[in-house]
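Numbered from 1 within each chain, the chains take letters A, B, ... in sequence-line order.
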2 protein chains.
Amino acid sequence: MKYNTTAYAILGILAIHPHQSGYEIRRTIQQTVGFFWGESYGQLYPTLRRLAAEALITEEPSSSTGARKRRAWSITPAGRCLLTEWLAQPYHNDPPRDEFLMKLFFGIEAAPTVSVAHLHRFEQTNRELLATLVELERLARAHNSGLPGFPFWMLTLSYGLAQIRANLAWSKSALATLHAINPGEESISHSAN
Amino acid sequence: MKYNTTAYAILGILAIHPHQSGYEIRRTIQQTVGFFWGESYGQLYPTLRRLAAEALITEEPSSSTGARKRRAWSITPAGRCLLTEWLAQPYHNDPPRDEFLMKLFFGIEAAPTVSVAHLHRFEQTNRELLATLVELERLARAHNSGLPGFPFWMLTLSYGLAQIRANLAWSKSALATLHAINPGEESISHSAN
DNA sequence: ACACACATGTAATTGGTTACATGATTTC
DNA sequence: GAAATCATGTAACCAATTACATGTGTGT
């Protein structure tokens with residue numbers, strides 16, 4: 001059997017926090033690893049079914065009934081075993097495709113304001129993400145600092161923070177460079193982006 | 001008509017360096033924007049055909065004949081116009097899925113050496129990439145510094161260098177953290193990864 | 001003659017998003 | 001009883017990779 005990464009994401013999330021519904025799993029993913037991982041329902045629910053069919057997760061008994069009732073899941077020993085196995089395999093990231101950098105690379109083919117607008121949006125996005133991660137760190141320290149996984153969570157968080165700070169420092173200098181190339185355009189729209 | 005990003009990548013590459021074959025376009029992409037963009041033949045050749053059918057690129061006449069002869073392409077005015085239009089649109093990056101960070105996040109579920117091994121590989125990959133980008137910068141400064149797109153190319157390059165340096169600084173401290181949590185395991189295999 | 005780099009292309013598969021359809025529960 | 005949020009699921013679509021099949025030109 002071969003599983004996609006979504007399967008392991010589900011197993012991992014249920015390993016550190018069991019008894020969650022598909023909806024909750026997705027929200028947990030967004031709130032904890034959302035800055036480097038995303039899942040859609042279209043991927044999540046079918047994978048959940050498959051994991052259940054292979055007894056890697058089990059459905060918890062529920063009081064309510066009905067077609068669209070909440071269904072809570074937990075990881076089984078077999079699921080935990082598979083997760084551990086997967087973790088030990090070398091990671092594999094597919095080659096990045098960064099449209100922002102692509103548009104910047106071809107910047108000379110566009111009007112001078114275009115690249116500046118992209119950079120402003122990049123800067124803004126990173127500022128917002130920085131605030132999110134700082135808040136996430138505060139919450140994690142307050143509520144999860146005793147849990148065994150905590151040091152690893154902090155590692156990914158500090159990675160995110162380091163990236164964002166590098167991004168912000170770079171975008172500042174990049175904007176300065178563009179301004180030097182094309183002076184006197186400072187009052188141009190942020191609204192284009 | 002809607003085009004995928006591959007189409008714009010091709011248009012952009014042909015805009016700055018015309019008269020290239022599919023094979024050459026791919027190699028150019030690898031050598032210039034390879035650290036943030038990749039293209040496979042399975043995507044490249046069909047897109048090339050489509051762009052030609054819509055007169056956004058044209059085939060240059062060729063001396064040789066045969067089933068597998070070299071076919072060189074150049075961008076048309078219509079293609080350049082479309083590229084410029086696309087550049088002005090807000091960029092869109094789909095949510096990242098970083099398996100390395102995912103495995104690190106779930107690190108507590110694995111043997112202590114596992115995360116250390118992942119980090120070593122991460123460090124090694126980044127060291128190699130750093131060397132590649134430093135060399136790329138040297139070559140670009142030597143051969144392309146007079147070209148109009150040069151400042152934009154340097155912008156993406158300095159982005160890449162900033163990322164890599166942040167990665168290396170972070171991975172060093174991350175390894176120190178893991179070592180503090182789990183001392184006395186320093187002689188463990190790199191070979192696991 | 002052989003190897004290697006150059007070169008074109010397709011078929012099968014996968015991994016994933018988006019949009020849609022629907023229902024349950026809570027809160028005002 | 002309306003609105004918001006919680007909740008499950010499917011169908012259509014798409015972008016992209018991988019593996020494969022094949023051929024050409026150059027240098028040793």
Side-chain angles (χ1 to χ4, degrees), chain A residues 1-10 13 19-31 34 36-53 57 59-60 62-73 86 91-99 102, chain B residues 1-10 13-14 19-31 33-34 36-53 57 59-60 62-73 86 91-99 102:
Chain A
M1 305 282 151
K2 244 200 89 206
Y3 298 91
N4 56 23
T5 35
T6 298
Y8 299 107
I10 292 171
I13 292 294
H19 205 81
Q20 288 185 96
S21 67
Y23 188 86
E24 288 169 326
I25 290 170
R26 195 192 180 223
R27 195 176 43 192
T28 302
I29 288 175
Q30 282 177 338
Q31 288 173 350
F36 66 81
W37 199 268
E39 287 296 345
S40 64
Y41 292 132
Q43 192 79 341
L44 196 57
Y45 283 110
T47 306
L48 229 29
R49 293 217 138 190
R50 211 188 138 196
L51 289 172
I57 61 175
E59 186 169 2
E60 305 283 343
S62 166
S63 52
S64 65
T65 49
R68 301 275 157 150
K69 64 159 196 189
R70 178 173 182 274
R71 308 175 67 179
W73 307 92
W86 175 73
Y91 65 86
H92 168 67
N93 284 331
D94 25 60
R97 298 185 121 220
D98 190 320
E99 202 179 285
M102 203 62 164
Chain B
M1 307 280 154
K2 245 198 90 207
Y3 298 92
N4 56 23
T5 35
T6 298
Y8 299 108
I10 292 171
I13 293 295
L14 288 179
H19 206 83
Q20 288 185 95
S21 68
Y23 187 87
E24 287 169 326
I25 290 170
R26 196 194 180 218
R27 194 176 45 190
T28 302
I29 288 174
Q30 281 176 338
Q31 288 173 350
V33 294
F36 66 79
W37 200 267
E39 288 295 346
S40 63
Y41 291 132
Q43 191 80 341
L44 196 57
Y45 282 110
T47 306
L48 229 29
R49 293 216 138 191
R50 211 188 137 196
L51 289 171
I57 61 174
E59 187 170 2
E60 305 282 343
S62 167
S63 52
S64 64
T65 49
R68 301 276 157 150
K69 63 159 196 188
R70 176 173 183 275
R71 308 175 67 180
W73 308 90
W86 175 74
Y91 64 86
H92 169 67
N93 283 332
D94 25 60
R97 297 187 121 220
D98 190 317
E99 203 179 285
M102 203 62 165

Expressed in angstrom and rounded to an integer, what is the separation of [X] atom [atom1] from [N] atom [atom2]?
{"X": "A:L48", "N": "D:dT10", "atom1": "CG", "atom2": "P", "answer": "11 Å"}
{"X": "B:R26", "N": "D:dT18", "atom1": "CZ", "atom2": "P", "answer": "9 Å"}
{"X": "A:E59", "N": "D:dG9", "atom1": "CD", "atom2": "C1'", "answer": "14 Å"}
{"X": "B:Y23", "N": "D:dG25", "atom1": "OH", "atom2": "C1'", "answer": "12 Å"}
{"X": "B:R70", "N": "D:dT26", "atom1": "CZ", "atom2": "P", "answer": "12 Å"}
{"X": "B:Q30", "N": "D:dT17", "atom1": "CD", "atom2": "P", "answer": "11 Å"}
{"X": "A:W73", "N": "D:dA7", "atom1": "CH2", "atom2": "C1'", "answer": "13 Å"}
{"X": "A:L44", "N": "D:dC6", "atom1": "CG", "atom2": "P", "answer": "16 Å"}

As an exercise, state the distance from [atom1] of [X] to [atom2] of [Y], rounded to the nearest 0.5 Å.
{"X": "B:R70", "Y": "B:E24", "atom1": "CZ", "atom2": "CD", "value": "4.0 Å"}
{"X": "A:I13", "Y": "A:R26", "atom1": "CD1", "atom2": "CZ", "value": "13.0 Å"}
{"X": "B:E39", "Y": "B:T28", "atom1": "CD", "atom2": "OG1", "value": "12.5 Å"}

(request) Spell out protein contact along nucleotides 10-18 of chain C as letters: B when the base is contacted, S when just the sugar-phosphate is, - when no protein heavy atom is under 4.0 Å; keep the 5' to 3' order. (result) B----SBBB
Locate the shortest heavy-atom distance separating [X] from [Y]; write the atom from each residue and the value.
{"X": "B:M102", "Y": "A:A9", "value": "CE-CB, 3.3 Å"}
{"X": "A:R50", "Y": "A:K2", "value": "NH2-O, 3.0 Å"}
{"X": "A:E99", "Y": "B:N93", "value": "N-OD1, 2.7 Å"}

(request) Ignoring backbone atoms, test whether B:R27 places a side-chain nitrogen or oxygen under 4.0 Å from the OP1 or OP2 oxygen of C:dC6. (result)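 Looking at the OP1 and OP2 atoms of C:dC6, one of them is under 4.0 Å from a side-chain N or O of B:R27.
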(message) Quick check on C:dG9: is either OP1 or OP2 less than 4.0 Å from any side-chain nitrogen or oxygen of B:R71?
(response)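 Yes, because at least one side-chain N or O of B:R71 sits under 4.0 Å from OP1 or OP2 of C:dG9.
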